[in-house]
Amino acid sequence: MKMVTLVLASILSISVFAVSNQQSIEETIREIEWNHHVRCDLMRTSVAVCFGPTRTATCHYSQNYSCHGAEKVMGIKLKIKDYFNLRVNTRKVVVTKVEF
């Protein structure tokens with residue numbers, strides 16, 4: 001029983017840590033541009049897949065960017081989550097994963 005409790009506590013602490021590290025799309029792009037010395041332009045946004053009632057639905061989609069710099073050209077894909085935050089009664093959009 002102690003082992004199950006320990007595993008559940010570990011999973012919850014990891015998931016809380018992961019959620020707290022999620023950034024907005026603008027912050028993520030700004031950080032990539034700064035770190036890689038490039039300028040990124042949005043190329044394509046995928047269709048959103050949403051679950052739940054319309055007002056509080058959680059949606060997942062991706063955005064593809066083309067990034068150009070003096071020394072490199074690269075493409076990035078952002079996985080994005082758009083969800084309703086019940087604490088502040090507003091929608092929140094965060095980047096859940098970045099693929100280079």
Side-chain angles (χ1 to χ4, degrees):
M1 186 64 179
K2 287 183 180 182
M3 184 59 118
V4 172
T5 305
L6 180 64
V7 169
L8 287 175
S10 298
I11 291 171
L12 288 175
S13 65
I14 290 169
S15 63
V16 169
F17 179 72
V19 170
S20 66
N21 283 336
Q22 294 176 344
Q23 297 178 319
S24 71
I25 297 169
E26 295 80 16
E27 290 171 332
T28 303
I29 293 298
R30 199 174 322 126
E31 186 177 305
I32 291 169
E33 289 176 338
W34 176 262
N35 290 339
H36 295 278
H37 307 290
V38 294
R39 173 74 180 130
C40 297
D41 297 308
L42 177 63
M43 301 304 287
R44 185 174 74 81
T45 300
S46 72
V47 174
V49 176
C50 302
F51 303 98
T54 304
R55 183 175 170 272
T56 59
T58 297
C59 300
H60 297 273
Y61 61 97
S62 63
Q63 289 184 337
N64 292 4
Y65 287 83
S66 176
C67 301
H68 304 274
E71 298 178 11
K72 69 170 111 176
V73 175
M74 62 187 210
I76 60 169
K77 182 176 186 176
L78 304 181
K79 302 271 183 150
I80 301 165
K81 178 180 177 182
D82 180 347
Y83 66 97
F84 190 78
N85 187 333
L86 292 171
R87 290 186 200 159
V88 290
N89 203 29
T90 59
R91 295 201 68 77
K92 185 164 179 152
V93 179
V94 295
V95 175
T96 58
K97 186 176 182 182
V98 178
E99 297 175 357
F100 290 92

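- In terms of hydrophobic clustering, with Ile, Leu, Val, Met, Phe, Trp and Tyr side chains grouped at heavy-atom distances under 4.5 Å, Ile32 and Ile80 are assigned to a common cluster.
- Partners of Asn64 by side-chain hydrogen bond (donor to acceptor under 3.5 Å, both in side chains), not counting sequence neighbours: none found.
- Looking only at distances, a side-chain donor or acceptor of Glu33 sits under 3.5 Å from a matching main-chain atom of Cys40.
- Here the closest non-hydrogen pair linking Arg91 and Ala57 is NH2-O, 2.6 Å.
- Partners of Ser46 under the side-chain hydrogen bond (donor to acceptor under 3.5 Å, both in side chains) rule, at least two apart in sequence or in another chain, are Ser62.
- Gln63 contributes atom CD, which lies 11.5 Å from atom NZ of Lys77 (distance to the nearest 0.5 angstrom).
- Hydrophobic cluster membership differs between Val94 and Leu78, with clusters built from Ile, Leu, Val, Met, Phe, Trp and Tyr side chains linked at under 4.5 angstrom.
- Side-chain contact between Glu99 and Lys79: present, with at least one pair of heavy atoms (C-beta onward) separated by less than 4.5 Å.
- When hydrophobic clusters are built by joining Ile, Leu, Val, Met, Phe, Trp and Tyr residues whose side-chain heavy atoms come closer than 4.5 Å, directly or via intermediates, Phe100 is grouped together with Ile25.
- For Glu71, the CD atom sits in a loose shell: 12 or fewer heavy atoms of surrounding residues, nucleotides or ligands are nearer than 6.0 Å.
- Linking ILVMFWY side-chain heavy atoms closer than 4.5 Å, directly or via other members, places Val38 and Leu42 in a single hydrophobic cluster.
- Nearest heavy-atom pair across Asn89 and Arg55 is OD1-NH2, 3.1 Å.
- Note on Met74 and Met43: separate hydrophobic clusters, where clusters join Ile, Leu, Val, Met, Phe, Trp and Tyr whose side-chain heavy atoms are under 4.5 Å apart, directly or indirectly.
- A heavy-atom distance below 4.5 Å is not found between the side chains of Tyr83 and Val93.
- Once rounded to the nearest 0.5 Å, the distance linking CZ of Arg30 with CD of Gln23 reads 9.0 Å.
- For the atom pair NE2 (His36) and NE2 (His68), the distance works out to 15.0 Å, reported to the nearest 0.5 Å.
- For the pair Ile76 and Ile29, the minimum side-chain heavy-atom distance is below 4.5 Å.
- Here Lys81 contributes atom NZ and Gln22 contributes atom CD; the two are 6.0 Å apart, rounded to the nearest 0.5 Å.
- No side-chain donor-acceptor contact under 3.5 Å links Ser66 to the backbone of Asp41.
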